[in-house]
**Student:** 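Once you've had a glance at the structure underneath, I'll fire off some questions.
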Amino acid sequence: MTEHKDERTSRMENKRSDERNQKDRGSRPTQRQGQAHYFTKPFPFAVELGFFAGFIWGGLHWLFYLLHFTIVPLGFLAEPFFKHKFIYTAAGHLTGWLFFIVFSVLASLIYTFTLKKWDGPLPGMGYGIFWWLIVFVLVGPKLDMVKPLNRLTWDSIITEICFFLLWGLFIGYTVAMEFTDERKREPEKAGV
């Protein structure tokens, strides 16, 4: 008696799942990541990547500052907009972190829309050095965001170069892996 009940129940479950599959076939225009023709939308991807780059690397920069690896506070990007004393407070550090997140989102958008087809880690590292040159050599000292290089300590200079190098590598390599990885665009049964 229970066998017939179990068979009936399993048949009804199979029938329901078949009906759901029939409904889902025509109603879902989007494709999932595991399917053959998955393409990433560049704008949302770049915004999300920039947010996490700013959040993670901004937190690391704050740690570097707290451990005295650098004398440049996290709020260096907010320096032109706030008083100098404010930048060195806890609220100033958090404001600087938010500014760094916004800066990272903008940098990620620029990289995604201009250099997304460059593969490997080197373009991202070069991109980080490019931003270090802009911030610490060209624009930063003129806007009083950072001290000129001859007034920074060697520890700060080396820390900031390495920081921007790794930050650029994070953005560049993530973009390269997303937009130049051909394995995601191959059919699932390639070569069969």
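Only this structure's heavy atoms are used, side chains among them; waters, hydrogens and symmetry mates stay out. Just so we're clear, the structure is a prediction, and the values are computed from it rather than from any experiment. By convention here, the first residue in the shown sequence is residue 1.
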**Student:** Determine, using the 4.5 Å side-chain heavy-atom cutoff (strictly less than), whether Ile158 and Phe64 are members of one ILVMFWY cluster.
**Tutor:** no
**Student:** Go through the structure and list residues passing ring-ring contact (aromatic ring centres under 6.0 Å, His included) with Phe86, not counting sequence neighbours.
**Tutor:** Phe82
**Student:** Which value, rounded to the nearest 0.5 Å, describes the distance between Lys41 atom NZ and Phe43 atom CZ?
**Tutor:** 12.5 Å
**Student:** Measuring only between side-chain heavy atoms, which start at C-beta, is Lys116 closer than 4.5 Å to Pro42?
**Tutor:** yes
**Student:** Report yes if some heavy atom in the side chain of Leu115 is under 4.5 Å from a heavy atom in the side chain of Val175; otherwise report no.
**Tutor:** no
**Student:** Could you tell me the separation between the CG atom of Leu143 and the CD atom of Glu79, rounded to the nearest 0.5 Å?
**Tutor:** 10.0 Å
**Student:** Write down the atom of Gly124, the atom of Tyr111, and the distance for their closest heavy-atom approach.
**Tutor:** N-OH, 3.7 Å
**Student:** Could you measure the distance from the CD1 atom of Ile129 to the CG atom of Leu165? Nearest 0.5 Å is fine.
**Tutor:** 4.5 Å
**Student:** Remaining members of Leu106's ILVMFWY cluster at a side-chain heavy-atom cut-off under 4.5 Å?
**Tutor:** Val102
**Student:** Of all heavy-atom pairs between Leu49 and Ile171, which one has the smallest distance, and what is that distance?
**Tutor:** CD2-O, 3.7 Å
**Student:** Could you tell me which residues satisfy side-chain hydrogen bond (donor to acceptor under 3.5 Å, both in side chains) with Ser104, sequence neighbours excluded, listed by chain and number?
**Tutor:** Trp167
**Student:** Please examine the side chains of Thr159 and Tyr65, heavy atoms only from C-beta on, and report whether any two atoms are closer than 4.5 Å.
**Tutor:** no
**Student:** Honestly curious: do Met125 and Leu60 fall in one hydrophobic cluster under the side-chain, below-4.5 Å linking rule?
**Tutor:** yes
**Student:** Nearest heavy-atom pair of His61 and Pro73: which atoms, and what distance?
**Tutor:** CE1-O, 3.9 Å
**Student:** Taking the side chain as everything from C-beta on, heavy atoms only, tell me whether Ile87 gets closer than 4.5 Å to Phe76.
**Tutor:** no
**Student:** Does the pair Phe52 and Trp57 meet the rule for a side chain to side chain contact (heavy atoms under 4.5 Å, CB included), with working shown?
**Tutor:** CA-CA 8 Å; Phe52 284 108; Trp57 291 98; over 6 Å; no
**Student:** Show every side-chain hydrogen bond (donor to acceptor under 3.5 Å, both in side chains) that has at least one partner inside residues 123-140, sequence neighbours left out.
**Tutor:** Tyr127-Trp131
**Student:** Which pair of heavy atoms, one from Ser108 and one from Ala46, lies closest together, and at what distance?
**Tutor:** OG-O, 2.9 Å
**Student:** Only one of Trp62, Phe100, Phe69 passes ring-ring contact (aromatic ring centres under 6.0 Å, His included) with Phe163; say which it is.
**Tutor:** Phe100
**Student:** Determine whether a donor-acceptor pair (N or O, by modelled atom type, separation under 3.5 Å) exists between the side chain of Trp97 and the backbone of Leu74.
**Tutor:** no
**Student:** Please list, chain by chain and in numerical order, all residues satisfying ring-ring contact (aromatic ring centres under 6.0 Å, His included) with Tyr88, sequence neighbours excluded.
**Tutor:** His84
**Student:** When rounded to the nearest 0.5 angstrom, what distance separates CD in Glu178 from OH in Tyr173?
**Tutor:** 13.0 Å
**Student:** Please list, chain by chain and in numerical order, all residues satisfying ring-ring contact (aromatic ring centres under 6.0 Å, His included) with Phe45, sequence neighbours excluded.
**Tutor:** Phe179
**Student:** With a 4.5 Å cut-off on side-chain heavy atoms, are Asp155 and Thr70 touching?
**Tutor:** no
**Student:** Check the side chains of Ser156 and Thr153 for a donor-acceptor pair under 3.5 angstrom, ignoring hydrogens and angles.
**Tutor:** yes
**Student:** Quick one: closest heavy-atom pair of Leu149 and Ile157, and the distance?
**Tutor:** O-CD1, 3.7 Å
**Student:** Examine Phe130 and Leu77 and state if one hydrophobic cluster contains both, with Ile, Leu, Val, Met, Phe, Trp and Tyr joined whenever side-chain heavy atoms are less than 4.5 Å apart.
**Tutor:** yes
**Student:** Find out whether Lys147 and Ile71 are in side-chain contact, i.e. whether some heavy atom of one side chain is under 4.5 Å from a heavy atom of the other.
**Tutor:** yes
